[in-house]
There are 2 protein chains.
Amino acid sequence: MAGKAAEPQVIWARPERTGRGPRPAFTRADIAAAAVRIADTSGLDAVSMRHVAAELGCGTMSLYNYVPRKEDLYELMIDAVGAEHEIREPSGDWRADMIRNAEETRGIMHRHTWVPRLMSGVYGFSPNTLRYLEHCLACLEPLDAAYGVKMELVALINGVVTTYTANEIATAERTRAMPWSEEEENAVRIAYLGGQVATGAYPHLAAAFMEDSGPIDLEAVFRRALERVLDAFDPDPG
Amino acid sequence: MAGKAAEPQVIWARPERTGRGPRPAFTRADIAAAAVRIADTSGLDAVSMRHVAAELGCGTMSLYNYVPRKEDLYELMIDAVGAEHEIREPSGDWRADMIRNAEETRGIMHRHTWVPRLMSGVYGFSPNTLRYLEHCLACLEPLDAAYGVKMELVALINGVVTTYTANEIATAERTRAMPWSEEEENAVRIAYLGGQVATGAYPHLAAAFMEDSGPIDLEAVFRRALERVLDAFDPDPG
DNA sequence: CCTAGTTACGTACACCGTACGTAGTGCGCT
DNA sequence: AGCGCACTACGTACGGTGTACGTAACTAGG
């Protein structure tokens, strides 16, 4: 009726090019690459419309021709790193394939440590995400289950991968970005935690800390969690 | 040596009160409550130092006496909602108790929809978090496993709860915050997804969409995921 | 009592997302 | 062929952000 027609909220439903007007100077891939470059080298907080535009060599507001809202820029970034998934022929062993997929996702997140922070706010049906999802379903072909179950499996695995890797990254960055030494900060932390535990209010926690010996192998923890989740879907365990 | 001594990065390691100077006008609980109030009514983006200060009725910069960095404000908020966990005597059935804990966490997140977004960036050892962790370990007393395993169980459950609930909230908010009608936006989405699938590039995805019938019960999905994860830790399944 | 450390807070700075207006450009239609 | 319109490009400006810094009042420890 009156006013302009409703434009789709999700950037992937918009055509990249309409054919009218001057040729765009950049593709979405260009923009995504620039944003990813900035995030990788200077952190996610450095990804501002101004910086990305400068990286591309155009005016700030020109970016808005390609990316209606900043949120969409994030969408492009997630899709861009999704291209790093190496899609290979399923082996026939769905468990092994899914573990490989999960480890690959974890690798991507460690290469682009800002990914977990973005995962929660993103639409989740970008081209590369669809491609990856399709690949997971292909890997799960040998599993005798309804598609609904397979979808839940993929969602659960992805969730576990994201939270675990996010945790790994968070602890790593916490120790990195400290003005004083790691030992110093850890000492403060241990003193705090130890003090809390020493109040006697947390007997089980105290016992857990007692049992704990030496540094924990985060990759092994990740791997175990993965195996457990897969166990839960395996009709023929062992 | 030279300069000021290293101050602990984590707010929980700082004493709330040192004894010198005028009596502080607010407690950390006051500040956390104000921030939570704002986040609940106006969204997480409305939680700015200025708004929280105004809500408390003090100058903006006065807040920095209590909360050195905004990140610490988030820490206070997470701790505050952690107080909503109703700690009750373990029943002896660790599975049932953990399900109850998980559902309770899910309830908290649905009451405070900004919690999942904050979970990833938070230290994770606030007083109420420790209390909740202690409670989970108490619930797991009947489970015959090392504390390390129990900790991993709690971490995995919390991760699943967070990702699933975050997803629920995201989809709910996406449909809520639309300038045009839900049907309109959904039509655009379906058209987009359908168009992608119709290219034939995603055969499994196409099959999955075929199989899918009717709206999905997100709570049931959540519950199933929970059961599966617990299965993976249950030495005596069935 | 004095003084050092704390609270309180106004000002200021750099930066953010983005609404808006204007100018130029080239495809699609008549 | 040529007109018109949708598009690109981009400068300016606005309201918001986190927070560094300086100053004034206040109070507990030595």
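A, B, ... follow the sequence lines: proteins, then strands. Residue 1 opens every chain. What you see below is based on every heavy atom in this structure, not just the backbone, and it leaves out hydrogens, waters and symmetry mates. Source: prediction; values computed, not measured.
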Check the distance between [N]'s [atom2] and [X]'s [atom1] and give it to me in whole angstrom.
X: Asn65(A); N: dT18(C); atom1: CG; atom2: P; answer: 14 Å
X: Leu63(A); N: dG17(C); atom1: CG; atom2: C1'; answer: 12 Å
X: Leu73(A); N: dT18(C); atom1: CG; atom2: P; answer: 10 Å
X: Ile31(A); N: dT8(D); atom1: CD1; atom2: P; answer: 10 Å
X: Tyr66(A); N: dC7(D); atom1: OH; atom2: P; answer: 13 Å
X: Tyr74(B); N: dG18(D); atom1: OH; atom2: C1'; answer: 10 Å
X: Arg69(A); N: dT18(C); atom1: CZ; atom2: C1'; answer: 12 Å
X: Glu16(B); N: dT6(C); atom1: CD; atom2: P; answer: 15 Å

Determine whether Thr129(A) and Trp12(A) make a side-chain contact, defined as any pair of heavy atoms from C-beta on separated by less than 4.5 Å. no

Any side-chain heavy-atom pair of Gln196(B) and Glu134(A) under 4.5 Å: no

What's the verdict on salt bridge (Lys or Arg N to Asp or Glu O under 4.0 Å) for Arg37(A) and Asp40(A), showing C-alpha distance, side-chain angles and the deciding distance?
CA-CA 5 Å; Arg37(A) 224 175 304 135; Asp40(A) 284 344; over 6 Å; no

Counting only side-chain N and O atoms of Ser62(A), is one of them less than 4.0 Å from OP1 or OP2 of dC10(D)? yes

Do side-chain atoms of [X] reach the backbone of [Y] as a donor and acceptor pair under 3.5 angstrom?
X: Thr171(B); Y: Glu168(B); result: yes
X: Glu104(B); Y: His85(B); result: no
X: Glu16(B); Y: Arg28(B); result: yes
X: Asn128(A); Y: Asp79(A); result: yes

Applying side-chain contact (heavy atoms from CB on, under 4.5 Å) to Arg117(A) and not counting sequence neighbours gives Leu44(A), Asp45(A)

(Q) Does Phe26(B) reach a base, just sugar-phosphate, or nothing at all? Heavy atoms under 4.0 Å. (A) nothing

Expected list for residues 48-60 of chain B near DNA chain D, using heavy atoms below 4.0 Å, is Ser48(B), Met49(B), Arg50(B), His51(B), Thr60(B)

Open item on the list: Let's go through Thr27(B) and Asp30(B) carefully: what are the C-alpha distance in whole Å and the side-chain angles of both, what is the deciding distance for side chain to side chain donor-acceptor pair (under 3.5 Å) to 0.1 Å, and is it a yes or a no?
Closed with: CA-CA 5 Å; Thr27(B) 65; Asp30(B) 294 332; 3.2 Å; yes

Readout for nucleotides 20-30 of chain D: B = base within 4.0 Å of protein heavy atom, S = sugar-phosphate only, - = neither; 5' to 3' it is BB----BSBS-

